[in-house]
Trainee: 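The structure is given below, and queries will be raised subsequently.
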Amino acid sequence: MSTLKFILNNYNNVLFLMWEHIYMVGISLLIATAIGVPLGIIITKNENLARKVINSANIMMTVPSIALFGLMMPALALIGQGLGKVPAIIALILYSQLPIIRNTYVAIKNVSPSIRNAGKGMGMNRWELLKEVEIPIAIPVIVAGLRTAAVMNIGIAAIAAYVGAGGLGVYIQNGIDRVYPEMILAGALLVSIFAILVDASMALLERVLTPTGLQVQKRLSQ
Amino acid sequence: MISYDHLTKIFGEGQDAVTALEDVTFTIEKGETVIFLGPSGCGKTTTLRLTNRLESITRGSIKVNGQNIMEMDAVQLRRQMGYVIQDIGLFPNKTIAENIAVVPKLLEWPKAKIQDRVDELLTMVRLDPQIYRNRYPAELSGGQQQRVGVARGLAADPEILLMDEPFGAIDPINREEIQDEFLKLQEDLKKTIAFVSHDIHEAIKMGDRIALFEKGRLVQYEKPEILLTQPKNKYVSDFVGADRALKVLGIIRVGDMYNPNPKNTVQGSNSAQSVLNSMEQRKDNFCIVLDQGKPAGYVTKKMVKYEEGPVREVAEKFPVHLRDRSPARDALSFMLMYDFLTLCVVDSRGNFKGTLTYDDIQTTIRESYASELEHQKEGQNEHTEIHS
């Protein structure tokens, strides 16, 4: 109850931190998609490169987020961006790469060879085949990757408060420092609700973007 | 017309190199269906995939209507050829109409023309456009999907159709049906077709010619009946099977071997006794009764012996009549089933054209193995005279 009161009393501040959180996660997801999806598609043509890229993304993911902020700080300090939103967004982009690249790669790879063979044999060029067939068939799995990345990033963005990036993590961090349980809970609760909402809306997006033909196929195979 | 000239294909390099095709030379004439036949790994599919440049040629050349395909743009070349594959490969995200429209769309046909063409093709492959146009591949049975696959291959009305075991994944009953439909279509369309199959029955049924491959080499390139009757070596005769005499029965038609002027026919108005007399003169126990140009039935000596009136009143009806186009196999099957050694051949209006006897079939088969095809035809003529 007291947590709810805290939120209502600090209404304006809550909205501001929430906006910061959404901004960080949103912008990083957009950039990560712009990098990860094309990269995931390109590496389907080269097994060797695919292994290297996916391994790198894997290693990236194993670095604990707080350590990553620490590692980036001296490098970004050179351009005067050691603290704040820039390291946070860069970290979020890096963490998003694995689910996005891997899902894109797997989804395109999983398009049945006979479909690709038929398209090629009928005289579709590489781009036409991608645009007309491979991407539409892969889209549900690609969006599922974005969904994982988005939900994960909401959590990581909460930690970014330690490098002064703002967002709802500020409440958790300050609350711990000041031993202020209502503040900690408010931050934790809001981050959780935000994550659940994003997860649900990405699930909806996944469904909307799935071509009707694939939905029919799925329904009939059940 | 597609001509393959000293075609060789080697996959891989150095130590891993595998020769998939070696020095293959043959020509597919315009409007003919040629079956590429052989066990898996014999090079038949490779030959097909070289034709639309899905694989690259190592040595030799392929010419389509005299033009070397290596001098053409690969994508343009493929758009000029219909392509139908075993796994069908319909695009699950597109409707049936969109699937069929792929190549016309790539060729940038106007929308209305594409729509008309889609409906025309769906009707052609016996799928109601009203019902199927906007459905998705997942909603169709395997046989229906393959019909759509064929329609898609024919969409831009290509002169050449490449088919890679197109009916291989369909159950036997539907396969027969779709093969029959396709044969009927091809009668009108007269496409030049390269058709990969591993099934000798399908090859005999569908092919104007058969190219039989073994380990990357073309062993024999011939008409089906010659492949069956004059296999070049043991591999060919093994491949066509020990029952190749029976397979020949599937190719030879009743029209090729029936007797148009049998002597053992009488008019229905003749009296029973005169028929008995003529049978005794010919030392025969079987007579076909004709009535107004149609076979009314048959009589034996026993049946007419004590009869007085016109013979048509005692004649027994035949259980079945044969048609020109019926395969010899069907005729033989009827003979065995109904225990008849002679059956009548009739035209589409039921008029009597002649008779076919068990001996006719046997002689035809025996002779087809004995000699060349030209010879064979003469043989058949002689033989009909002997029996008339």
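Just so you know, these numbers come straight off a predicted model, no measurement behind them.
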Trainee: Taking side chain as everything from C-beta outward and backbone as N, CA, C, O, which of these in Arg49(B) sits under 4.5 Å from a heavy atom of chain A? Side chain, backbone, both or neither.
Mentor: side chain
Trainee: For Leu220(A), look at atom CG and say whether over 12 heavy atoms of other residues, nucleotides or ligands are found less than 6.0 Å away.
Mentor: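 Check passes, neighbour count above 12.
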Trainee: Less than 4.5 Å to any heavy atom of chain A: does that hold for the side chain of Asn52(B), its backbone, both, or neither?
Mentor: side chain
Trainee: Please check if atom NZ in Lys109(A) has more than 12 non-hydrogen atoms from other residues, nucleotides or ligands closer than 6.0 Å.
Mentor: yes
Trainee: Side chain, backbone, both or neither: which part of Ser112(A) has an atom under 4.5 Å from a heavy atom of chain B?
Mentor: neither
Trainee: In residues 114-135 of chain A, which residues are in contact with chain B at a heavy-atom separation under 4.5 Å?
Mentor: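 Residues in range: Ser114(A), Ile115(A), Asn117(A), Ala118(A), Gly119(A), Lys120(A), Gly121(A), Met122(A), Gly123(A), Met124(A), Asn125(A), Glu128(A), Glu132(A), Val133(A).
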Trainee: Between Leu214(A) and chain B, with a heavy-atom cut-off of 4.5 Å, which part of the residue counts as in contact: side chain, backbone, both or neither?
Mentor: both
Trainee: So if I take each residue of residues 32-71 of chain A and look for any heavy atom under 4.5 Å from a heavy atom in chain B, which residues do I end up with?
Mentor: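 If one takes a 4.5 Å heavy-atom cut-off, no residue of residues 32-71 of chain A lies near chain B.
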Trainee: Quick check on the interface: out of Asn93(B), Asp73(B), Leu90(B), who has the most heavy-atom pairs with chain A under 4.5 Å?
Mentor: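 Result: the option with the highest number of such pairs is Asn93(B).
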Trainee: Under 4.5 Å from any heavy atom of chain A, what part of Leu162(B) do you find: side chain, backbone, both or neither?
Mentor: neither
Trainee: The criterion is side-chain hydrogen bond (donor to acceptor under 3.5 Å, both in side chains); which residues satisfy it with Arg209(B), sequence neighbours excluded?
Mentor: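 Glu32(B).
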Trainee: Specify which of Arg152(B), Gln86(B), Arg79(B) makes the most heavy-atom pairs with chain A at under 4.5 Å.
Mentor: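 Sorted descending by pairs with chain A, the first entry is Arg79(B).
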Trainee: Can you pull the ring-ring contact (aromatic ring centres under 6.0 Å, His included) pairs that have at least one residue in residues 16-45 of chain A, sequence neighbours excluded?
Mentor: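 Pairs touching residues 16-45 of chain A that pass the test: Trp19(A)-Tyr23(A), His21(A)-Phe194(A).
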Trainee: Please classify the contact between Leu107(B) and chain A as side chain, backbone, both or neither, with a heavy-atom cut-off of under 4.5 Å.
Mentor: neither
